[in-house]
Amino acid sequence: MSSLLSERQQDDLHKALLDYFHSNGFTKTCQQFKEELPRPVDFDPEGDQKSSGLLVKKWTSVIRMQKKIMDLEKRLAQALEENSFASSVPGGAASRNNEDWIPTANPKHTLVGHREGVNTVAFHPLYSVVASASDDCTVKIWDWESGELERTLKAHTKRVSDCQYNSKGTMLVTCGYDLFIKLWNVENDYQNSATLRGHEHSISSARFLPGDDKILSSSRDHSLRIWEIASNHCVKVVSPHGDWIRSAVPSLDGSLYLTCSADHTAKVVDAQSGEVKAELRGHDNVVETAQFVPPHVVPALKELIALKAPELAAAPNGSLSVAYAFTASRDKTVKIWDAVRGQCLHTLVGHDDWVRSIIFHPNGQYVLTASDDHTFRVWDLKTGRSTRRIEAHDQFVSCISWGRQTLGSQENSDPNAPPRLVNVIATCSSDQTVKIWLPQR
């Protein structure tokens with residue numbers, strides 16, 4: 001002790017210990033410790049303000065310092081990983097259109113303006129614009145490049161649950177718990193051009209069908225509705241579930257719909273007949289979202305299936321764009337399905353709370369999932385392992401979205417090369433913020 005602390009430091013420590021024992025009622029211990037001190041100390045429990053509560057203050061400050069050190073070590077490790085990844089990729093991973101980029105812990109922008117939780121985000125397909133829908137009954141339009149708010153759309157009277165741009169970016173669809181679906185004319189200063197009425201309970205999702213001439217919506221009234229944009233009329237009602245339908249998405253060709261529900265299932269529904277082609281049953285709680293696996297992801301997924309479930313490795317019949325599906329649930333898991341046979345092929349386990357959102361990496365090697373545990377995770381599709389965990393928000397992460405804006409062939413050395421997706425990710429949360437994640441330059 002003498003080699004570590006000076007006599008004055010020893011006396012201060014002894015006084016702090018005596019104060020702790022005295023203030024917490026350890027009278028005998030205090031007296032015994034006082035008697036065993038190598039030299040007497042001037043300790044007055046009533047008048048020594050310098051020693052009062054000192055031990056507790058020091059202890060809590062040490063704990064705070066340890067947390068800060070752990071956070072800095074984590075951020076350093078992620079930065080080193082990012083730099084290592086950047087140096088290993090030809091052309092430089094800092095390039096915004098590098099197809100192998102994966103996000104790190106530091107967002108480029110935090111967009112603040114909503115007054116309640118944000119439920120979903122949607123990128124414009126052509127411009128550096130992202131829309132966010134919130135419990136505050138508004139939709140906000142942001143420039144994700146600069147982080148500036150461009151406009152606020154006010155027409156809904158309750159929670160806005162979903163929004164999406166059409167493929168050309170000329171129209172935005174929104175839906176909410178006020179039972180309305182609204183269409184916004186992007187080219188005419190986002191004028192509210194139509195309001196679609198028909199659902200009898202809260203509307204969960206609204207998506208453009210391929211061709212942009214119809215909209216698919218899902219609702220707590222247990223139904224799917226198909227709306228014709230030209231007439232603003234509902235042209236079909238389908239009820240594949242007996243409970244709240246949390247979301248519905250069309251296949252790439254529009255021939256099938258993938259739905260998920262509070263009844264713990266997801267279903268593949270024929271668009272023409274409304275017949276359920278496959279039921280995906282296996283979750284233990286509400287299924288929050290479901291996505292068909294795009295064709296460019298299938299090769300990596302087949303490697304995972306061959307590794308984890310070789311007896312199910314034979315590819316299902318039919319189009320690759322509807323052969324497989326992912327579902328995410330309140331049971332904290334993500335499941336991978338044979339969407340034709342209705343068989344669960346593998347389960348991704350790692351999140352500590354409800355899983356809310358799924359997106360696929362453009363390179364086909366990863367899937368990203370967002371959760372109420374405040375994080376999003378990056379999963380290697382070939383192994384089924386979580387390769388990166390990002391602390392994204394202070395509260396529940398409601399949605400994660402990948403920018404659909406493309407770079408034309410003029411950006412490439414090969415004039416015939418196809419356009420590539422811009423690397424930009426948006427997340428939103430019940431903490432009322434939207435965050436934009438971009439590669440480091």
Side-chain angles (χ1 to χ4, degrees), residues 96 103 107-178 180-196 203-208 212 215 217 227 229 232 247 249 356-357 359 370 392-393 397-407 421-438:
R96 185 163 295 182
K108 175 71 172 178
H109 298 295
T110 298
L111 311 182
V112 179
H114 281 294
R115 291 177 283 109
E116 293 188 45
V118 189
N119 300 310
T120 191
V121 283
F123 283 99
H124 192 282
L126 301 176
Y127 308 125
S128 59
V129 169
V130 64
S132 58
S134 168
D135 282 353
D136 65 12
C137 310
T138 72
V139 177
K140 290 186 180 292
I141 310 299
W142 313 82
D143 184 326
W144 57 256
E145 186 78 41
S146 66
E148 295 180 356
L149 176 65
E150 293 193 346
R151 68 181 72 232
T152 300
L153 310 181
K154 298 178 180 180
H156 288 282
T157 57
K158 291 185 179 180
R159 167 181 179 158
V160 187
S161 53
D162 199 13
C163 63
Q164 187 196 29
Y165 286 97
N166 66 2
S167 63
K168 297 180 178 65
T170 57
M171 192 173 293
L172 176 73
V173 63
T174 63
C175 64
Y177 282 18
D178 58 5
F180 297 147
I181 298 169
K182 292 184 177 291
L183 294 173
W184 307 82
N185 189 330
V186 175
E187 297 177 323
N188 190 18
D189 291 330
Y190 285 87
Q191 179 184 1
N192 183 196
S193 57
T195 298
L196 312 180
I203 305 174
S204 309
S205 68
R207 297 291 158 128
F208 287 98
D212 294 336
I215 289 170
S217 62
W227 308 83
I229 294 176
N232 296 333
S247 78
V249 295
R356 298 278 196 151
S357 187
I359 57 169
H393 288 269
V397 185
S398 313
C399 179
I400 183 169
S401 180
W402 201 290
R404 294 183 297 162
Q405 183 178 341
T406 57
L407 295 177
L421 286 174
V422 168
N423 282 317
V424 55
I425 288 175
T427 58
C428 63
S429 167
S430 57
D431 66 10
Q432 305 179 14
T433 69
V434 176
K435 293 190 178 183
I436 303 298
W437 310 77
L438 291 166

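The analysis underlying the following values was restricted to heavy atoms, covering all of them including side chains, and did not include hydrogens, waters or symmetry mates.
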4.5 Å side-chain heavy-atom contact, [X] and [Y]:
X      : Y      : value
Leu172 : Cys163 : yes
Ile181 : Ile203 : yes
Glu150 : Val129 : yes
Arg151 : Asp189 : yes

Among residues at least two apart in sequence or on other chains, which ones pass salt bridge (Lys or Arg N to Asp or Glu O under 4.0 Å) with Asp431?
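With sequence neighbours excluded, Asp431 shows a salt bridge (Lys or Arg N to Asp or Glu O under 4.0 Å) to no residue whatsoever.
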
Anything under 30° is parallel, anything over 60° is perpendicular, the rest tilted; go ahead and classify Phe123 against Trp144.
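Correct class here is perpendicular.
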
Looking only at non-hydrogen atoms, find the nearest pair between [X] and [Y] and report the distance.
X      : Y      : value
Ala370 : Val397 : CB-CG1, 3.6 Å
Asn185 : Ser193 : N-OG, 4.1 Å
Ala122 : Tyr165 : O-CE1, 3.7 Å
Ser132 : Val434 : CB-CG2, 3.7 Å
Lys435 : His393 : CG-CE1, 3.5 Å
Ser204 : Ser161 : O-OG, 3.4 Å

Before you tell me yes or no, could you show the steps for Leu149 and Leu111 under side-chain contact (heavy atoms from CB on, under 4.5 Å), namely the whole-Å CA-CA distance, both residues' side-chain angles and the distance that decides it to 0.1 Å?
CA-CA 8 Å; Leu149 176 65; Leu111 311 182; over 6 Å; no

Under the 3.5 angstrom rule, does the side chain of [X] hit a backbone N or O of [Y] as a donor-acceptor pair?
X      : Y      : value
Asn188 : Gln191 : no
Ser430 : Gly117 : no
His124 : Gly169 : yes

Which distance, rounded to the nearest 0.5 Å, do you find between the [atom1] of [X] and the [atom2] of [Y]?
X      : Y      : atom1 : atom2 : result
His114 : Thr433 : NE2   : OG1   : 10.0 Å
Asp178 : Cys137 : CG    : SG    : 7.5 Å
His156 : Ser134 : NE2   : OG    : 11.5 Å
Thr170 : Asp212 : OG1   : CG    : 6.5 Å
Ser357 : Ile400 : OG    : CD1   : 6.5 Å

With Cys399 as reference, evaluate Thr427, Asn119, Asp162, Val121 under the side chain to side chain contact (heavy atoms under 4.5 Å, CB included) test and give the passing residue.
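Answer to the side chain to side chain contact (heavy atoms under 4.5 Å, CB included) test with Cys399 among Thr427, Asn119, Asp162, Val121: Val121.
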
Side-chain donor-acceptor contact under 3.5 Å, Thr152 with Lys140
yes

Would you kindly say whether Lys182 and Thr195 are connected by a side-chain donor-acceptor distance under 3.5 Å?
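Note: Lys182 and Thr195 side chains meet the donor-acceptor criterion.
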
Step by step, would you call Asn423 with Trp402 a side-chain contact (heavy atoms from CB on, under 4.5 Å)?
CA-CA 7 Å; Asn423 282 317; Trp402 201 290; 3.2 Å; yes

Go through the steps for Ile229 and Leu183 under the test side-chain contact (heavy atoms from CB on, under 4.5 Å), then give the verdict.
CA-CA 9 Å; Ile229 294 176; Leu183 294 173; 4.0 Å; yes

For residues 118-139, which residue pairs pass the salt bridge (charged side-chain N to carboxylate O under 4.0 Å, His left out) check, not counting sequence neighbours?
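Found Asp135-Arg159.
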
Could you go step by step and tell me if Met171 and Phe208 meet the side-chain contact (heavy atoms from CB on, under 4.5 Å) rule?
CA-CA 10 Å; Met171 192 173 293; Phe208 287 98; 4.0 Å; yes

